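Worksheet for the structure shown next.
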2 protein chains.
Amino acid sequence: MATKKNIKISCAFCASKKDSLFSDLNKDDLESLDIHKSCIMYKKGQTLYYEGTRPMGLFCLNSGKVKVYKITSDGKEQILNLAKAGDFIGYRALISEEFYNASATVIEEGAICYIPKADFLSILNNNPRFFKRMMQRLCDDLGIMEQKLVTIAQKSVRERLAATLLMLKESYGLEGEENSTLIDIALSREDLANIIGTATETVIRLLSEFKNQELISLQGKKIKVLDPQGLVKEADFYGI
Amino acid sequence: MATKKNIKISCAFCASKKDSLFSDLNKDDLESLDIHKSCIMYKKGQTLYYEGTRPMGLFCLNSGKVKVYKITSDGKEQILNLAKAGDFIGYRALISEEFYNASATVIEEGAICYIPKADFLSILNNNPRFFKRMMQRLCDDLGIMEQKLVTIAQKSVRERLAATLLMLKESYGLEGEENSTLIDIALSREDLANIIGTATETVIRLLSEFKNQELISLQGKKIKVLDPQGLVKEADFYGI
DNA sequence: CGCAAAATATGATTTATGTCATATGGGCTG
DNA sequence: CAGCCCATATGACATAAATCATATTTTGCG
């Protein structure tokens, strides 16, 4: 295995910080983050942490994409969250001082920073503004998770797939010609199935149907949304 | 409609407080809660709040039981949470200053206190210990919700029902003779279906099967768990 | 107390989705 | 650049669960 090169990325000048939780930290706090921070390149497939292990710090994506997931007793994977540049992951276990209850694996390579637990908790405890911000984030996460639960519990696989495509379009959409939007994230059909909670074959089949209905187009792995309104109709609601 | 009688229940002496979030507030904070608090009896079927409305305070159950649920666009109900004596509900919307994104309805009558938003937020903002406690609670809620999502997404209805019965046994179990445990909460088969995310008939059928397997016994609405280990086997894991 | 309405129970049938099998294609590695 | 492997694709079939229908029992109400 090659030696991992530590990349120098300053939180104070990190472009990904723009809309992250760190976005309104003051200069001192941001500089204190840099002191013990490490920042390395991760390749696709590398795992940041495993469910059941103890968090020692906070991961912050400077670039790349990560999936956060749980594995059931019978070996099935359920993706709980996707993270992209600017996103934190693993903060909940850190805050509540528990073991991770999900795993995180890189799905698109990128630079990921790691802030030691002590530094993160120090800011959390000494900066009430940041503490509040974190609390707000947890509230948001909870709301999102509740909505996902309802969708998975009450909607058909077809509806969930349509809703998921719309959600992915929001988060990863690249505008193309003729109103088409490329979903710019390297998700396999299996990953997609593991977001929705269904079988890989079912996703493949339904994507084919959506293609035949000219709601989407498929160029290999990547999916392009042609008719978002049509998908909204299929989803019978908006947002998974 | 009868006039609602305001019951005098002091937070400082509330028996239900024992294991609530208020359990380690100091005397002054507890007394400040009492000043503007109201406490009235709610009957089965009464709704505490509706999704989409603005929270004006915090509900705290002195007694009785409440279901918290969302209604989908096509009118199906998904129960997110059940609350009993000592439980708070609606704190997330209050903290994040948003509209409720679920509704709450009484399923067993009881006395429910209502603490105005300002009083709750005042304690939250002035008592860092309580703030921390709240944050911890949100973390726990999030973990629970994630686990529920995984279960609903990846487990069969049969497994989910078994898991739900075990969960209900933990929260509402009354030990009876011969190792049997009565699940002491007035849930209809429909409610049960709306926890699990399935059709009422399916719940009824599966309960019959579990009865035939002598895992449970049915006396009208109420369910008695006879063989928890058998249910664990059916659930293939523990805890929904 | 008796009736109506709702909840529970069970059967018959349909359907969406899972599973298994096999073919095809794209991309990575030596 | 070739070959292999994994992802995608599609078909055939199995099945869990939804839906619709109809008893039967329980509950609440006047």
Side-chain angles (χ1 to χ4, degrees), chain A residues 2 43-45 67 72 74-78 107-109 151-162 164 183 185-212 216-224 234-236, chain B residues 1-2 43-46 67 72 74-78 106-109 151-164 183 185-212 216-224 234-236:
Chain A
K43 286 203 289 267
K44 179 176 173 160
K67 66 175 174 182
T72 63
D74 41 341
K76 293 188 202 160
E77 172 179 310
Q78 177 63 38
I107 56 173
E108 279 183 30
E109 67 162 16
T151 302
I152 289 189
Q154 302 289 352
K155 297 287 180 174
S156 70
V157 171
R158 187 190 187 83
E159 289 170 320
R160 284 183 259 158
L161 177 59
T164 301
I183 293 178
I185 178 173
L187 284 178
S188 66
R189 304 294 136 102
E190 191 181 358
D191 286 330
L192 214 38
N194 293 342
I195 293 172
I196 292 164
T198 188
T200 307
E201 295 94 323
T202 303
V203 166
I204 291 171
R205 246 180 271 275
L206 288 172
L207 286 176
S208 288
E209 286 184 32
F210 287 166
K211 191 180 79 173
N212 291 336
I216 62 173
S217 74
L218 303 172
Q219 28 241 294
K221 260 183 159 43
K222 290 287 176 85
I223 298 166
K224 201 177 262 187
E234 289 290 343
D236 184 36
Chain B
M1 191 176 290
K43 287 203 290 269
K44 179 175 174 162
Q46 288 188 294
K67 66 175 174 183
T72 64
D74 42 341
K76 293 189 204 161
E77 172 180 310
Q78 176 65 37
V106 175
I107 55 173
E108 280 183 29
E109 66 161 17
T151 302
I152 289 189
Q154 302 288 352
K155 298 287 180 174
S156 70
V157 171
R158 188 190 186 84
E159 289 170 319
R160 285 184 258 158
L161 177 59
T164 300
I183 292 177
I185 177 172
L187 285 179
S188 68
R189 303 296 135 100
E190 193 181 356
D191 287 330
L192 214 38
N194 294 342
I195 293 173
I196 292 164
T198 189
T200 308
E201 296 94 320
T202 303
V203 166
I204 291 171
R205 248 179 270 274
L206 288 172
L207 285 177
S208 288
E209 286 184 32
F210 286 167
K211 190 180 82 173
N212 291 337
I216 60 173
S217 73
L218 303 172
Q219 28 242 294
K221 261 182 158 45
K222 290 288 176 82
I223 298 166
K224 201 178 261 185
E234 289 290 344
D236 184 34

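Labels below follow one simple rule: chain letters A, B, ... track the order of the sequence lines, proteins then strands, and each chain is numbered from 1. In this text the structure is predicted, and so the values were computed from the model without any measurement.
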- Nucleotide-resolved protein contact map, nucleotides 16-30 of chain C, B/S/- at heavy-atom distance under 4.0 Å: -SSBB----------
Produce the list of close N/O pairs, under 3.5 Å, pairing protein atoms with atoms of nucleotides 4-8 of chain C; give distances to one decimal.
| from | atom 1 | to | atom 2 | distance (Å) |
| --- | --- | --- | --- | --- |
| C:dA7 | O3' | B:Lys221 | NZ | 3.2 |
| C:dT8 | OP1 | B:Lys221 | NZ | 3.3 |
| C:dT8 | OP2 | B:Arg189 | N | 3.1 |

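A:Ile204 pairs by the side-chain contact (heavy atoms from CB on, under 4.5 Å) definition with A:Arg189, A:Thr200, not counting sequence neighbours. Listed by chain and residue number, nothing satisfies the side chain to side chain donor-acceptor pair (under 3.5 Å) test with A:Glu109 (two or more places apart in sequence, or in another chain).
For the pair A:Ile196 and A:Val203, the tightest heavy-atom approach, listed with the atom from each and the gap, is CD1-CG2, 4.4 Å. Contact record, A:Leu206 with A:Arg158: CD2-NH1, 3.7 Å, taken as the closest heavy-atom pair. Closest of all the heavy-atom pairs between A:Ser217 and A:Gln219 is OG-NE2, 3.2 Å.
In this structure, the separation between CG on A:Asp191 and NZ on A:Lys67 is 4.0 Å, given to the nearest 0.5 Å. With values rounded to the nearest 0.5 angstrom, B:Leu218 atom CG is found 11.0 Å from B:Lys224 atom NZ. Here the CG atom belonging to A:Asp74 is positioned 8.0 Å from the CD atom belonging to B:Gln154, to the nearest 0.5 angstrom. Distance check, rounded to the nearest 0.5 Å: OG1 of B:Thr164 to CD1 of B:Ile152 gives 7.5 Å. The CG atom of A:Asp236 sits 8.0 Å away from the OG1 atom of B:Thr72 when rounded to the nearest 0.5 Å. Here the straight-line distance linking atom NZ of A:Lys76 with atom CG of A:Asn194 works out to 10.0 Å at 0.5 Å rounding.
Taking five base pairs at each end of the helix from C:dC1-D:dG30 to C:dG30-D:dC1 and finding the rotation axis that steps the C1' atoms of four pairs onto the next four gives two axes whose angle is 50°, to the nearest 10°.
Taking 4.0 Å as the cutoff to heavy atoms of chain B, we find the contact window on DNA chain D bounded by D:dA17 to D:dC20.
Side-chain N or O atoms of A:Glu108 include none that pairs as donor or acceptor with a backbone N or O of A:Lys44 at under 3.5 Å.
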